[in-house]
Amino acid sequence: MVARAITREEALHEVASAAPATVYLSDEREMRFFLWELFEVDRRLLGLFPYEGVDRDKVEQLLKKARTHAATLAEAFYEGDRRPAHRAADGSVVIPEVFRGLWREHLRDWLWLRQQGDDLLIHDRKSGRFPHIVNQVVAELFTGANPSFMTYAGFTPAAVGLIRARGSELQKQVMLEKLSSMEWDACFCATEPDAGSDLSAIASTGRKLDGEVYAVRGEKRYISAGMHPLTGNTVYIVLGRVQGASTSALSLSCFLVPRFWREADGSLSPNHVECARVEDKMGLNGCANTHLVFGRSGTSRGYLLGNKANVALLQLAALMRKARIRTGGMGLAMASSAYLHSLRYARERVQGVPFDQSSNPKAAKVKIVQHRDVQRMLLEMKAKVEGCRALLGRISFHSSLIQHFINKPQPESRQVVDEEVVRRHTRLASFYAPIAKAYVSDEAWNIVTSAIQVHGAVGYLRDRPLEQYARDIKILSIWEGTNYIQAQDLVRDKLGFGRQSLVMRDFEEEVAQCLGKSAEFPELAPEFQRLSAALADLRSTLDCVAEQADQARLLEISQFCTRLLAMFGEFIVGWNLMEAACVAAKRLRELAPSDADRPFYRGKIKTAKFYVHNILPGVGAKAAILKAGHASYVEMQSDEFGFH
Ligand SMILES: Cc1cc2nc3c(=O)[nH]c(=O)nc-3n(C[C@H](O)[C@H](O)[C@H](O)COP(=O)(O)OP(=O)(O)OC[C@H]3O[C@@H](n4cnc5c(N)ncnc54)[C@H](O)[C@@H]3O)c2cc1C
């Protein structure tokens, strides 16, 4: 194992040294559009508690600093891949050496911002609280620059929130401060050799020792950043069962198992958590994906979260939702850079003549950006990157408002009103979460494959980041619940098989605000019509699903869950591109004919039009398939696939 890792390292190191300096690309102008024009963060959020200490200048300064840090992270992008994390002969876990320095710098300069990911943190007036939507942009810069590195301590802010909200006083006392300061980190341990999507198969157990303390036994696989030398201790959030509990997924419990146990005198002693293996995998190679064994070489002590058994799924819902949104964000971050690389390359590479000049031997050669098929790919990438960023932006915008409403000092008379407002924002944010995880991760993969295609052979080589993006991105459709599990969550739990009208009502109200602008923008009339028709398709498809559910035809529904989620993803992207097109159309009316910003805004309108006429019709096509309800999948038997 060790010998093989070194051989591979050596072979790949030469490639790493020859790598071009600019690995990660981000578009500053686009980020400004996203924050200040599309979501109007200064007008709609910055004046509100707890963000009043922050203004547009402060945000711009933060982003400038974040871009500098992202450039440093990006310098280690190849290194994290070419020098993969592995298990050394003495059982210790080795991570890319360069991560140690990055970690120190990251904590020194960015810990305070990561702490703001903890929703219940008391408002810090001195440093100013940035809305989630600003953190989204910073997170995009960092994860796009070095996704492997950013997996370390990735769960820690959410774990702090979890323990603050659900932990007992003792658990808070032992862990909160250490986790908040990231002296310790946390990771999430659900998967086992026989329990992946099916959490009811989890076999890890906790036997009560004393008070809140249990002896935890079991094996967890693939645990991201599960063991490493960056922090002094790691808290494993372990899904298991209190000994004797039933085997249903509803009787899972959550144990907090530190790698090193803090004794009464404050010293740390080994807690018998072993790393049996670090996986040798396709991508995210700098991230140590560990096979962990608890309680084999001695007792692994763990706290039962909140000292409450059988309620793990309820306790962990917020943490898992955050992890899913973060997954979508990782996909977007890499996909966006891949798109920008493609755009830059297509503007440089000269190849061939325009299609209508094919038989003209004197025709001038053109840059490939002028070929219509390359434009098709670039437009599709641009539309999806911008649309997916806006989808994630919807979630972080709702979260920013939730943060405002739950923290703001208010007279009692307002409380009832605000509670309903918070419930609405929460419903919408959690409705978008599975779509953001699954649709964005699937599209990120599609975008990167298009980016490779635009580059031709160059895209296939290892001296560009594209093939690494492809390898790094692929896991995103698998972890944190596969994309099918997300689709099932959307259709069954969020939409109640088409019978949950409340969240659809909220959603339609949001979309109606966009559709209501149609009279103001006659130049976009055909596009508004198509958007409206696609919304009707979503509605009628859900009616059809509800009807099938009423007739207990659940297997038929299950064959369409993935496509239903894709329909929502496609629609939400189209809707947000139309919002952007409206902003752009308005700006174009105001700008002087010679203004240098005009092409930027024209591009927004053309992108929306391209998407609405070329990709949005996919919603209607899927609706027709679903409504026709051909049960081909349900009827297919395993042996009918052939190949025995
Ligand atoms: C790099 C990496 C990092 C990871 N990090 C972590 C981590 O930090 N913590 C952690 O706990 N886990 C982690 N995982 C594990 C990951 O979450 C699981 O792999 C994932 O949940 C899927 O489980 P599985 O691999 O067993 O696939 P399976 O559950 O076996 O699924 C295989 C296929 O069958 C489909 N399928 C399964 N059940 C159904 C069903 N009922 N209906 C329809 N289709 C179904 C799935 O959608 C999938 O396509 C990681 C995995 C990797 C590779």
Side-chain angles (χ1 to χ4, degrees), residues 80-81 84-86 93 95 147-148 150-156 158-159 185-204 218-228 234-240 249 252 254-255 257 273 275 277-294 312-313 316 319-320 322-324 326-327 330-331 434 437-438 441-442 445 468 470-493 554-565 633-634 636 638:
D81 184 63
H86 60 275
V93 175
I95 63 167
S148 282
M150 290 303 293
T151 61
Y152 288 94
F155 270 104
T156 311
D185 67 314
C187 50
F188 182 50
C189 305
T191 310
E192 297 182 1
D194 293 322
S197 304
D198 180 9
L199 296 179
S200 72
I202 282 180
S204 293
E219 288 183 40
K220 294 289 178 182
R221 279 203 80 175
Y222 310 119
I223 304 308
S224 296
M227 208 171 268
H228 57 82
T234 298
V235 175
Y236 300 104
I237 303 165
V238 176
L239 265 183
L252 287 169
C254 179
F255 301 96
V257 186
V273 183
C275 171
R277 188 170 57 241
V278 173
E279 307 293 348
D280 184 9
K281 56 195 195 297
M282 173 177 175
L284 280 187
N285 285 320
C287 169
N289 282 94
T290 51
H291 184 144
L292 299 174
V293 184
F294 296 87
L313 294 187
L316 292 169
L319 176 132
M320 294 198 283
K322 283 181 191 164
R324 289 169 179 182
R326 212 158 59 90
T327 295
M330 276 180 92
K437 193 280 180 183
S441 61
D442 278 341
W445 169 256
Q468 189 177 324
R471 290 186 288 106
D472 287 357
I473 276 178
K474 191 63 211 114
I475 186 54
L476 305 178
S477 66
I478 298 169
W479 74 15
E480 305 307 347
T482 65
N483 282 0
Y484 171 74
I485 298 299
Q486 307 305 316
Q488 186 179 281
D489 175 48
L490 177 73
V491 176
R492 186 186 58 198
D493 303 333
L554 296 186
L555 276 182
E556 279 168 64
I557 295 174
S558 75
Q559 70 181 341
F560 291 116
C561 290
T562 296
R563 277 172 285 178
L564 246 167
L565 185 144
Y633 293 52
V634 178
M636 190 79 172
S638 171

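Whatever order the structure lists them in is the order used to number ligands and atoms, beginning at 1.
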Check: Are the side chain of K437 and the backbone N or O of A323 linked by a donor-acceptor pair below 3.5 Å?
Finding: no

Note to self: Please confirm whether the ring centroid of F294 lies under 6.0 Å from the ring centroid of Y236.
What the structure shows: yes

Notebook entry, point to check: Is a side-chain donor or acceptor of Q486 paired with a backbone partner of E480 at a separation under 3.5 angstrom?
Noted result: yes

Using a cut-off of under 3.5 Å, which N/O atoms of ligand 1 pair up with protein N/O atoms, and what distance separates each pair?
{"unit_1": "ligand 1", "atom_1": "5 (N)", "unit_2": "Y222", "atom_2": "O", "d": "2.9"}
{"unit_1": "ligand 1", "atom_1": "5 (N)", "unit_2": "S224", "atom_2": "OG", "d": "2.8"}
{"unit_1": "ligand 1", "atom_1": "8 (O)", "unit_2": "S224", "atom_2": "N", "d": "3.0"}
{"unit_1": "ligand 1", "atom_1": "8 (O)", "unit_2": "S224", "atom_2": "OG", "d": "3.4"}
{"unit_1": "ligand 1", "atom_1": "9 (N)", "unit_2": "F188", "atom_2": "O", "d": "2.8"}
{"unit_1": "ligand 1", "atom_1": "11 (O)", "unit_2": "A190", "atom_2": "N", "d": "2.8"}
{"unit_1": "ligand 1", "atom_1": "11 (O)", "unit_2": "T191", "atom_2": "N", "d": "2.9"}
{"unit_1": "ligand 1", "atom_1": "11 (O)", "unit_2": "T191", "atom_2": "OG1", "d": "3.2"}
{"unit_1": "ligand 1", "atom_1": "12 (N)", "unit_2": "T191", "atom_2": "OG1", "d": "2.7"}
{"unit_1": "ligand 1", "atom_1": "29 (O)", "unit_2": "S197", "atom_2": "N", "d": "2.9"}
{"unit_1": "ligand 1", "atom_1": "29 (O)", "unit_2": "S197", "atom_2": "OG", "d": "2.6"}
{"unit_1": "ligand 1", "atom_1": "47 (O)", "unit_2": "T482", "atom_2": "OG1", "d": "2.8"}

Notebook entry, point to check: Is there a donor-acceptor pair closer than 3.5 Å between any side-chain N or O of K220 and the backbone N or O of T290?
Noted result: no

Next item on the list: Mind telling me whether F155 and F188 have parallel, tilted or perpendicular rings, with 30° and 60° as the class edges?
Entry: tilted

Next item on the list: Please answer whether the main-chain N or O of P434 pairs with a side-chain N or O of R324 as donor and acceptor at a distance below 3.5 Å.
Entry: no

